[in-house]
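Take a look at the structure below.
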Amino acid sequence: MRGLLQDEAAAANAYMAWWTLAGVDGAVGESPVNWLRPVTAPDAKGAIRAVPASAPLEQKPQSLDSFRDWLANDPAQPERRWPGAPILPTGGEAAPLMVVTDLPDPADMAAGQLLADRAGMLFDAMLRAIGLDRSTIHLASLFTARPPGGMVEAADLAAVADRMRAHVALARPRRLLLLGDRTIRALLPTDAAAAPDGLRDFNHEGGIVPAIATFHPRLLLTQPAAKAQCWRALQSLIEEVHP
């Protein structure tokens with residue numbers, strides 16, 4: 001009898017070893033299992049209660065000032081992996097126009113402000129054309145610093161797009177101006193039916209704000225032919241930002 005039990009134990013051990021070598025390290029069954037659901041455990045009275053699978057996410061900032069502080073000091077921001085001090089958003093709440101670009105250019109990092117140098121001069125001229133200047137707008141970028149080579153990972157782009165939606169909700173601008181292809185692709189859904197020069201809806205955590213998408217000034221400096229299309233986009237903002 002003892003020998004039979006030993007043989008069965010050896011066979012069971014060999015069977016489990018085979019599955020271990022095959023890479024199976026957990027129980028399996030015929031029915032699908034949701035491995036992402038919170039685990040359950042009995043409480044003191046024997047009732048089943050849910051146990052969070054992970055710690056709750058950090059609460060997002062609830063004001064524009066706390067959001068700026070979060071951008072500047074939170075060690076989990078993707079820009080902390082890159083050299084250079086972050087360039088924080090400028091402007092107050094409820095501005096007639098919020099301008100969003102993708103990331104600082106090398107000249108911006110050197111100057112410590114967005115849209116510096118020749119691109120900045122062209123940007124200032126664009127604002128004057130619609131009766132605004134930097135003191136009256138809210139200016140921000142998806143990324144607050146510049147990565148080596150100006151290349152960003154898709155996961156980082158998705159994270160800062162979500163961050164920008166929270167930013168817009170706190171800033172509460174009347175209109176958005178999105179500069180550059182990377183900014184547009186990150187923040188606006190692809191809609192072939194939408195007019196390229198017209199207002200489009202930007203959804204954020206607080207609702208919807210009309211948005212205009214156009215070329216970044218850095219591209220306009222190298223492709224002057226695109227200025228006509230950019231001007232058509234800006235014209236749609238003139239009446240919108242001056243009720």
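Between L103 and G150 the shortest heavy-atom distance is CD2-O, 4.1 Å. Closest approach of D102 to T183, counting heavy atoms only: N-OG1, 3.0 Å. Between Q77 and L71, the closest heavy-atom pair is CG-O, 4.1 Å.
L234 CG to R232 CZ: the interatomic distance, rounded to the nearest 0.5 Å, is 11.0 Å. Note: L127 CG to L97 CG = 7.0 Å, rounded to the nearest 0.5 Å.
The side-chain heavy atoms of L114 and P104, taken from C-beta on, include a pair separated by under 4.5 Å. Contact of the P96 side chain with the L132 side chain is registered, since non-hydrogen atoms from C-beta on lie closer than 4.5 Å. Side-chain contact between D133 and D124 is absent, with no heavy atoms from C-beta onward closer than 4.5 Å. Counting only heavy atoms from C-beta outward, the side chains of L188 and F202 approach each other to under 4.5 Å. With a 4.5 Å cut-off on side-chain heavy atoms, L115 and M121 do not count as touching. Taking 4.5 Å as the limit, every side-chain heavy atom of L177 sits out of range of all side-chain heavy atoms of V100.
Annotation: side chain to side chain contact (heavy atoms under 4.5 Å, CB included) contacts of L220 (sequence neighbours excluded): L122, M126, F215, A226, K227, C230. In this view, F67 and W70, H167 satisfy the ring pair (Phe, Tyr, Trp, His ring centres under 6.0 Å) rule, not counting sequence neighbours. R185 meets the side chain to side chain donor-acceptor pair (under 3.5 Å) test with D181; sequence neighbours excluded. Among residues two or more places apart in sequence or in another chain, the side chain to side chain contact (heavy atoms under 4.5 Å, CB included) test is passed with A161 by R165, A186, L187. Under the rule for a side chain to side chain donor-acceptor pair (under 3.5 Å), the partners of S63 that lie at least two apart in sequence or sit in another chain are S66. Every side chain to side chain donor-acceptor pair (under 3.5 Å) that T101 has, sequence neighbours left out, goes to H216. Taking the side chain to side chain contact (heavy atoms under 4.5 Å, CB included) definition, one finds that N73 meets it with D69, sequence neighbours left out. Scanning for side chain to side chain donor-acceptor pair (under 3.5 Å) contacts around D201 gives an empty result, with sequence neighbours left out.
Sorted by first and then second residue, the pairs that involve residues 72-98 and meet ring pair (Phe, Tyr, Trp, His ring centres under 6.0 Å), not counting sequence neighbours, are W82-F143. Residue pairs meeting the side-chain hydrogen bond (donor to acceptor under 3.5 Å, both in side chains) criterion with at least one partner in residues 146-161, sequence neighbours excluded, are R81-D156. Pairs engaging residues 103-118 under the side-chain hydrogen bond (donor to acceptor under 3.5 Å, both in side chains) rule: D105-R218 [sequence neighbours left out].
The backbone N or O of M98 sits nowhere less than 3.5 Å from a side-chain atom of R175 that would complete a donor-acceptor pair. E79 places no side-chain N or O within 3.5 Å of a backbone atom of A145 that could act as its donor or acceptor partner.
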Report, one line per pair, each donor and acceptor closer than 3.5 Å where one atom sits in a side chain of residues 83-93; sequence neighbours left out.
{"unit_1": "E93", "atom_1": "OE1", "unit_2": "R172", "atom_2": "NH2", "d": "2.7"}

